[in-house]
Amino acid sequence: NAGVTQTPKFRILKIGQSMTLQCTQDMNHNYMYWYRQDPGMGLKLIYYSVGAGITDKGEVPNGYNVSRSTTEDFPLRLELAAPSQTSVYFCASSYGGHHSNQPQHFGDGTRLSIL
Amino acid sequence: AQSVAQPEDQVNVAEGNPLTVKCTYSVSGNPYLFWYVQYPNRGLQFLLKYITGDNLVKGSYGFEAEFNKSQTSFHLKKPSALVSDSALYFCAVILSSSNTGKLIFGQGTTLQVKP
């Protein structure tokens, strides 16, 4: 199993550009999450999904959008990139349902710089 | 507000000595408790969890953690530190009332093990 795979690993964007961060998991997990990690700030939840077709906002959703058309994929879209969105983005997944106390599995992140 | 605190930004320990990374929480109910480790340029890796039962839980790489309900703490420990244990450690909780598996993270503690 590959686990949680994120692409790209690195990206530099110009202000105002848009892009999609890809996330896919092969563990048949129901729950998926997007976080951003800023230095000294821990992880902040952007969006999450408890199943295909269901998404909800986390702590810091502004400037982002998500979709969940399949169990495996959970892309994160930045529509108008701003310097404040420079960060490291992590996707994670977990079993969910009756196993909502199970650990999340993380990808290795996408390092995004907006100049 | 529900929160997790890691009071030390950095912990320094000599190789071979015991280590402790502290975590306290302030949440409603009886949460599920987790420790994760993050190596440079990698995603978070699950170390161990406490759901119920024995207050001392053992996890990966020789780590263990002690749940103390009266002190609302879940400190991470290892009897003998290795240089390779140097990394960023996160404590996190899932609320027992949660049906989304959302983690509430502490700010992280950098562990530095010196030879």
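Quantities reported herein were computed from a predicted structural model and do not represent experimental measurements. Proteins get letters first, then strands, A, B, ... in listed order; numbering begins at 1 in each.
Summarising the geometry of B:Phe105 relative to A:Leu43, their closest heavy-atom pair is CD1-CB, 4.0 Å, with the distance given to 0.1 Å. Here the shortest heavy-atom pairing between A:Gln102 and B:Phe34 reads C-CE2, 4.2 Å.
Summarising the geometry, atom CG belonging to B:Leu103 is positioned 4.5 Å from atom OH belonging to A:Tyr35; distances are rounded to the nearest 0.5 Å. Taken to the nearest 0.5 Å, the OH atom of A:Tyr48 stands 5.0 Å off from the OG1 atom of B:Thr100.
The contact between A:Gln37 and chain B is made entirely by side chain atoms (from C-beta outward), counting heavy-atom distances below 4.5 Å. For B:Ile51, the part lying near chain A is the side chain, with the backbone staying farther off; criterion is any non-hydrogen pair under 4.5 Å.
Panel note: side chain A:Asp108, backbone B:Arg42; no donor-acceptor pair is recorded below 3.5 Å. In this structure a side-chain-to-backbone donor-acceptor pair under 3.5 Å is missing from A:Tyr31 to B:Lys102. Although no hydrogens or angles enter the test, the distance criterion places no donor-acceptor pair under 3.5 Å between the side chain of B:Tyr32 and the main chain of A:Pro103. A donor-acceptor pair is defined here as one N or O able to donate and one able to accept, closer than 3.5 Å; such a pair exists between the side chain of B:Tyr36 and the backbone of A:Gln104.
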Using distance only, find each side-chain donor-acceptor pair of residues 82-96 of chain B under 3.5 Å and give its atom names and separation, not counting sequence neighbours.
unit_1  : atom_1 : unit_2   : atom_2 : d
B:Asp85 : OD1    : B:Lys78  : NZ     : 3.1
B:Asp85 : OD2    : B:Lys78  : NZ     : 2.8
B:Asp85 : OD2    : B:Leu82  : N      : 2.9
B:Ser86 : OG     : B:Val83  : O      : 2.9
B:Ser86 : OG     : B:Val113 : N      : 2.9
B:Tyr89 : OH     : B:Asp85  : O      : 2.6
B:Ser96 : OG     : B:Asn30  : O      : 3.4

Identify each donor-acceptor pair in which a side-chain atom of residues 52-62 of chain B lies under 3.5 Å from a protein atom, sequence neighbours left out, and give them as a table.
unit_1  : atom_1 : unit_2  : atom_2 : d
B:Asp54 : OD1    : B:Leu56 : N      : 3.3
B:Lys58 : NZ     : B:Glu64 : OE1    : 2.9
B:Tyr61 : OH     : B:Gln45 : OE1    : 3.4

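Applying the 6.0 Å contact sphere to CD1 of A:Ile12 captures no more than 12 heavy atoms from other residues, nucleotides or ligands. For CZ of A:Arg111, the number of neighbouring non-hydrogen atoms (other residues, nucleotides, ligands) closer than 6.0 Å is greater than 12.
Contacts of residues 12-26 of chain B with chain A at a heavy-atom distance below 4.5 Å are absent; not one residue qualifies.
Between A:Phe106 and B:Phe46, the distance separating the two ring centers is not shorter than 6.0 angstrom.
No path of Ile, Leu, Val, Met, Phe, Trp and Tyr side chains, each step under 4.5 Å between heavy atoms, connects A:Val88 with A:Leu78, placing them in separate hydrophobic clusters.
Taking the salt bridge (charged side-chain N to carboxylate O under 4.0 Å, His left out) definition, one finds that A:Glu79 meets it with A:Arg77, sequence neighbours left out.
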